[in-house]
Each structure stands twice: as structure tokens, then as C-alpha cells.
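In the text below, chain A, chain B and the rest are named by the order of the sequence lines, each starting its count at 1. Predicted model only: the values in this text are computed from it and were never measured.
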Amino acid sequence: MTDNVHGHSMTIKRSVDDVYKIAARDGFALLDIDIDESRLKKTLDDDSCGAFVCFEGRVRNHNNDTSVERLTYYGYEDLALNQGRAIIEEAKKRFEITHAIAIHRIGALEVGDVAIWVGVVSAHRYPAFDACRWILDTIKADIPVWKQEYYEDDSSKWLSNNG
Amino acid sequence: MTDNVHGHSMTIKRSVDDVYKIAARDGFALLDIDIDESRLKKTLDDDSCGAFVCFEGRVRNHNNDTSVERLTYYGYEDLALNQGRAIIEEAKKRFEITHAIAIHRIGALEVGDVAIWVGVVSAHRYPAFDACRWILDTIKADIPVWKQEYYEDDSSKWLSNNG
Amino acid sequence: MRTIDMDTNTDSTMNINVLYFASLADEANCQQETVTIQQSTSLTELYEQLCQKHRFSRPQSELRVAVNDYFAKWTDPIRDGDSVVFITPVAGG
Amino acid sequence: MRTIDMDTNTDSTMNINVLYFASLADEANCQQETVTIQQSTSLTELYEQLCQKHRFSRPQSELRVAVNDYFAKWTDPIRDGDSVVFITPVAGG
């Protein structure tokens, strides 16, 4: 496995400022550096909202019983942005929420790093919980992001969310 | 209504450092100033956890159709701490979670202020969502905290979560 | 802090501390008071006595009760020196 | 970028761009390639041709397909200049 065959999917084409602009407008973007939670939260501030629910997906030190050293996420950015926009649009139709934002990180991540952040605001609490969970599940099912886990012996494996 | 009859329930008896120590140990505390989310999140850091879910309850600018200017929360601190500890213990029995922390703020709050923060970490995502929601619901049902809403005409009302 | 002078504190009476929160504090117009009551007074009877004194608007059926900073049952006994709090419907979150 | 020389690009053929991600990029040993195919080649047929070339281990039944950066149906037509991506099971989150 040579790195160059994945180079196009380990970094994003857009600037970081553009990523946060797209996330604010469409509700979804990919990013290839640390996710700035406070920047995303600011976008969600709304005096009509009593509820804010967020999910952070972090790199665990294990998967099943295997010890994990690091992970690399790969993304197909242009499809991810189109599909992410559709997911957030659908979430706003399905749930009584005011706004939602999610960012998925790609590239090499260490244990403890945040791979995905999903935040939802709504007037009342249950729709925020329901929408946050649905958006996360739908991202995991439909956003073209892949990951390889690396283990202590330097071996690695492509993972799938479907088993 | 004179303020002095509520003075004991608008501020906490403990120091802020003690509040965060109690929250870290027992999973629940009351606080009478801004909730420091980053301090609570640090307490929840755990490399075995892939999921972090948090809820923030913020003061809304309306309740039903009435415009809200500000809110005052009052708490019975010693009972709240005992009951909060029991709630977090019960949550750890009911759900596959690693840790959970919640803080409820008391005193005078403005629109947009965070009144309650609940954070949960777990290996996998669903228990974190389920536990966060259950802890929030149970706090709302059982923690001795009351609130008065103040309206534009300076009138106020004691609220109840049960209708 | 005020004291109900129903009895002096002999062997047949006990002193307890009652704290008030929320609308009960408004109606009692105080945060707490020391109350001297007959031995074996129940929590229900205590609330009735205080209701007459302060004209609380909430019936007991809408309240919970806490003794010494833990929720208690209405049938739990009161002991000399206990701290008792009647809990109106809560509204946290 | 490499080109399959099955045909020259006459009226009866079209050039499309295929991007590879994840295990397909490993197996194809490239990120993308321009492919010249017969007019009216279906997405299913395209995957079969590329399977033979690169010996992809995934059957088509396990894949989704995207055309011009949107998910597409396997029955959607391919047009000259399209960008096609075969999507192996995703693993985000």
C-alpha cells in the first residue's frame, strides 16, 4: 500500500475558513485538522433554542479486543459535501430542530482525537437528541469516509460500519 | 416577594473548586456561576471511550408564547447533591457507560445562559445518548431546583416541570 | 429563624428545623424556622400544622418531603433535631 | 493518470474519469484513471471491465456508485465526461 494512491482522500481541497462557511450554510463538511468545537457551537447559538445536544466521536484505544494505536480516515470530499447537505436538510424535515452542524475529520488521527462532531439546537430537548443520533447514524451509513486501523504490530485493516 | 426568603437557595455553600471535585467524584453538583464546560469535559476524557454525548439546557427567550426576559433558579443544595449522586449511580447501572457528569446552575440567568450541562462517555454511541437523555429527564423530575420566569412587564411565575 | 411556641421542649416534645424553598418560602415569608412538636408527630401532621400557620396553597398531595437532606416517605418518623423540607413540584433543567 | 486503450474516442465511444478510494485504490494502485468506453456502456458493465483489469476483490453487489459527486443508481446512464466512483462500504464516525 503506497500512500500516494490515497493522497487525494487524506486532505481536503478547500480552505479551513471555507469548511466552516460550508458547515454553517449546509450543515456538513469534511476537515483535515482538529475540529474547533467552539467555532461550530457559535454557529448554533440561537436565543429561541433551549436545547443543545452534541456528539463527539473519538478514536478509541481498542476495537473489539484489539488494541488500536492510530487510525487514518479517508474521504471523498465532493460527494461527502453533497450527501451531507442532503442529510442535514432531511434532518430538519424529520425533526423539530432549528439548526444542525456536523464535521467529519479525515487524515491520520491519534487515540483520543475527535473524528466526528455533530451538534443540534432546538426549542425543546427530545428533537435535539433524536436528530443528533439520526444525523450521526446516517453519516455513518452514507457519507463516503473510510478508515484504516493500525495496530501495535504495524498491521492495518480497512473497516466497515456494516460489520 | 422579598429576596431574603430565597437567599439560601440562590447561591451555593461550597467553593467552586469543591463543586468540580464533587462533580468529578459523584457526577452531580450545583453551581451558582457560569458552567465551565471544558473543565467538565476534561474529567470525562478516557481513551477507552469512542463516544461523548452532551446536553446543554439554555435559557430560551420564550416559553409557550410568552416572551421571557430572564429566569432565576433556586436550589436545595444538600438534597440536590445526595439525589444527584444517586441518579448518576443508577445511570451507570442502567446503561453501558464509563462516566457521566452533570451540573445544574442556580441564581439569576439571562437568555442564552446554560442552566444545565450533562455529559456522558462510553465505548459505543447508543448508551451515551440513552444515558444522557435519561439523566436529564431524571434531574428534571427529581432534583430540587425551582425556577421563576420574569416577563417584559416585570411579572413573574413559579414554573413546574410537571405541567 | 422563628419558633412555634406550641410547647416547651420537654420529654414529650421535639425540636425540628424546617427549611422553605420556592413558593413555600414566599408563603411562609421565611427561609427556615425551628418548630417544637409533640413526639410521634407524623410528617403529614407536621405539614397540616404548618399549613394552618402559613396558609400554604399547595395540598400535601402535590408535595414530596425530605428529611436530613434525603427524600423521605410521608410515613417515615420524625426525630428530635431532624431537618424537614417540603418539596413543591421541581422545575430544573 | 492512465488510460485504458480499448478504443480511441470516436463518436461511438466516450471518455470518463474514474476515481478510486480505500481498498479499490489499493487494488487499482492508482487514485484515478481516464477510461474510454463504448457509448451506452452501463455502470454495471463498467465495473465488470475494471474488475477484470484490476482484479477487484469486491463484488458489485457490495458497492454503491456515484456519478459527478452524487450517489447514482446502477441503472443511471453514463455520459461522456462523467466522473464515476465506486463506493466500498463506508466507515465514517
Side-chain angles (χ1 to χ4, degrees), chain B residues 1-10 28 30 55-60 63 71-87 102-106 114-118 133 135-149 156-163, chain C residues 1-4 15-35 43 46-47 50-51 53-79 81-93:
Chain B
M1 266 175 267
T2 50
D3 261 1
N4 66 325
V5 307
H6 299 298
H8 64 320
S9 59
M10 290 181 67
F28 184 83
L30 293 191
F55 176 86
E56 274 181 27
R58 302 172 180 171
V59 178
R60 270 199 314 269
N63 191 10
L71 271 184
T72 302
Y73 283 92
Y74 306 86
Y76 171 9
E77 186 181 4
D78 290 331
L79 175 59
L81 265 58
N82 287 331
Q83 191 63 23
R85 186 174 60 244
I87 290 170
I103 282 197
H104 201 301
R105 186 171 167 190
I106 59 172
V114 174
I116 181 168
W117 192 94
V118 182
R133 184 173 178 148
I135 289 167
L136 175 65
D137 284 349
T138 309
I139 286 172
K140 287 174 81 89
D142 285 347
I143 290 290
V145 166
W146 298 269
K147 71 181 164 213
Q148 257 185 323
E149 274 180 0
S156 68
K157 191 169 72 173
W158 288 105
L159 301 178
S160 152
N161 284 341
N162 308 320
Chain C
M1 209 179 298
R2 301 175 303 175
T3 307
I4 301 183
N15 289 326
I16 59 157
N17 189 37
V18 182
L19 270 71
Y20 294 112
F21 292 93
S23 60
L24 295 185
D26 287 337
E27 292 176 343
N29 199 31
C30 68
Q31 298 189 9
Q32 65 176 91
E33 62 184 341
T34 301
V35 180
L43 288 163
L46 173 62
Y47 187 68
L50 294 167
C51 245
K53 181 179 177 197
H54 297 300
R55 306 192 169 278
F56 291 140
S57 51
R58 291 264 184 195
Q60 185 215 305
S61 60
E62 293 178 9
L63 305 180
R64 285 193 275 185
V65 64
V67 176
N68 299 333
D69 304 326
Y70 284 88
F71 278 118
K73 290 195 282 291
W74 284 100
T75 52
D76 286 348
I78 311 177
R79 293 190 179 83
D82 274 354
S83 162
V84 174
V85 184
F86 301 104
I87 308 285
T88 58
V90 301

Search all heavy atoms of B:L159 against all heavy atoms of C:A91 and return the closest pair with its distance. O-CB, 3.2 Å

Check whether B:D142 gets within reach of chain C through its side chain, its backbone, both or neither, counting any heavy atom under 4.5 Å. both

Check each atom of C:A22 against the heavy atoms of chain B and say whether the ones under 4.5 Å are side chain, backbone, both or neither. both

Do you know which two heavy atoms are closest between B:G7 and C:Q31, and how far apart they sit? N-NE2, 3.4 Å

Is a side-chain N or O of B:N82 found less than 3.5 angstrom from the main chain of C:D69, in a donor-acceptor match? yes

Which atom of C:I87 lies closest to which atom of B:W146, heavy atoms considered: CG2-CZ2, 3.7 Å

Where the side chain of B:H8 meets the backbone of C:F21, is there a donor-acceptor pair that is under 3.5 Å apart? no

Checking heavy atoms, do the side chain of B:L136, its backbone, both or neither come under 4.5 Å from chain C? neither

Output for pair (C:N29 CG, B:N4 CG), nearest 0.5 Å, gives 7.0 Å

Quick check for you: among B:D137, B:I139, B:I143, B:V145, which has the greatest number of heavy-atom pairs under 4.5 Å with chain C? B:V145

Between OG on residue C:S23 and NZ on residue B:K157, distance to nearest 0.5 Å: 13.5 Å

Looking at every heavy atom in both B:H6 and C:A25, which two are closest together, and how far apart are they? CE1-CB, 3.7 Å

Using the side-chain contact (heavy atoms from CB on, under 4.5 Å) rule, take C:D26 and B:V5 through it: C-alpha gap first, then chi angles, then the decisive distance, then the call. CA-CA 7 Å; C:D26 287 337; B:V5 307; 3.8 Å; yes

What part of B:Y76 gets closer than 4.5 Å to chain C, counting heavy atoms only: side chain, backbone, both or neither? both

Contact part of B:I116 toward chain C, heavy-atom cut-off under 4.5 Å: side chain, backbone, both or neither? side chain

